[in-house]
Amino acid sequence: RRPPRSTPKPSSAASDVYKRQQLIFNESEKIIKISKNFIITKDKNGIIAANAGVDQSNLKNSDHALLLPKNPNKSAKRISLEIEKRFKKSIPVIISDSVGRPWRNGLTQIAIGSYGIKSIIKYNKDLYNNRLYDTDIPLVDEISSAAGLLMIKDAGIPVVIIRGYNYIPVKQGLKNIVRSEKNDVFI
């Protein structure tokens, strides 16, 4: 049997799935894997995650979807500078999203954009002055993960303020945190 593709009329559920998949494809730079429940993608900001960050949770109207900012660093900078303008305080901003992790169940928050805080701290020596190799701590991811504990998924808490952390201020956004494909050990 070889019916033309236009023959079957898609059900409403199939149409919804198609629309969601099209959104995911539109937000993706690269499709890595397609499975029954999700699509692993590399989004246009270089982040590898499920469904290119397309989210339909926490919306009253299920006909809509939430998309990640086109330029999360630019969004973080705009928010940080607006806070500085209004309150005369320099406040770093981190924009995060929840992602799964290879070989682990569950989700965690990672930074997808930032402004005003150093992204990574590199340690070269340990407590006893021994040389360290590849001991880079992704500060913005660690802070995002800590904030995620307070964001409580079903409570509608979109913002967390962290006080008292001794951070390194920088006038730039998220940098050097996404591994290059050449150095990626999972793909």
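Quantities reported herein were computed from a predicted structural model and do not represent experimental measurements.
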Pair Ile83-Val93, side chain to side chain contact (heavy atoms under 4.5 Å, CB included): steps then yes or no
CA-CA 10 Å; Ile83 290 169; Val93 171; 4.3 Å; yes

Spacing of Ile110 atom CD1 and Ser145 atom OG [to the nearest 0.5 Å]
10.5 Å

Looking only at heavy atoms, the pair that brings Val99 and Ala49 closest together is CG1-CB, 3.8 Å

Where is the tightest heavy-atom contact between Tyr167 and Gly116, given as atom of each residue plus distance?
CE1-O, 3.7 Å

Closest non-hydrogen atom pair, Ser119 against Gly173:
OG-O, 3.8 Å

Would you find more than 12 non-hydrogen atoms of other residues, nucleotides or ligands less than 6.0 Å from Lys125 atom NZ?
yes

Contact summary for Leu107 and Gly100, nearest pair of heavy atoms
CD2-N, 3.5 Å

Checking Ile39 against Gln21 for the side chain to side chain contact (heavy atoms under 4.5 Å, CB included) test, could you report, in this order, the C-alpha distance in whole Å, the side-chain angles of both residues, the deciding distance, and whether it holds?
CA-CA 8 Å; Ile39 301 171; Gln21 285 179 340; 4.2 Å; yes

Indicate the atoms forming the closest heavy-atom contact of Thr41 with Ala52, along with that distance.
OG1-N, 2.9 Å

Beyond-backbone contact of Asp154 with Ile152, side-chain heavy atoms, under 4.5 angstrom:
yes

How about CD1 on Ile161, more than 12 heavy atoms from neighbouring residues, nucleotides or ligands closer than 6.0 Å, or not?
no

If you compare all heavy atoms of Ser57 against all heavy atoms of Leu66, which two are closest, and at what distance to 0.1 Å?
O-CD1, 3.9 Å

In terms of heavy-atom contacts, does OH of Tyr123 have more than 12 from other residues, nucleotides or ligands at under 6.0 Å?
no

Evaluate the criterion side chain to side chain contact (heavy atoms under 4.5 Å, CB included) for residue pair Ser98 and Lys153; output intermediate values, then yes/no.
CA-CA 10 Å; Ser98 51; Lys153 292 290 185 189; 3.3 Å; yes

Audit row: Asp97, Ile47, side chain to side chain contact (heavy atoms under 4.5 Å, CB included) steps and yes/no
CA-CA 10 Å; Asp97 193 26; Ile47 296 167; over 6 Å; no

Crowding at NZ, Lys77 (>12 non-hydrogen neighbours, <6.0 Å):
no

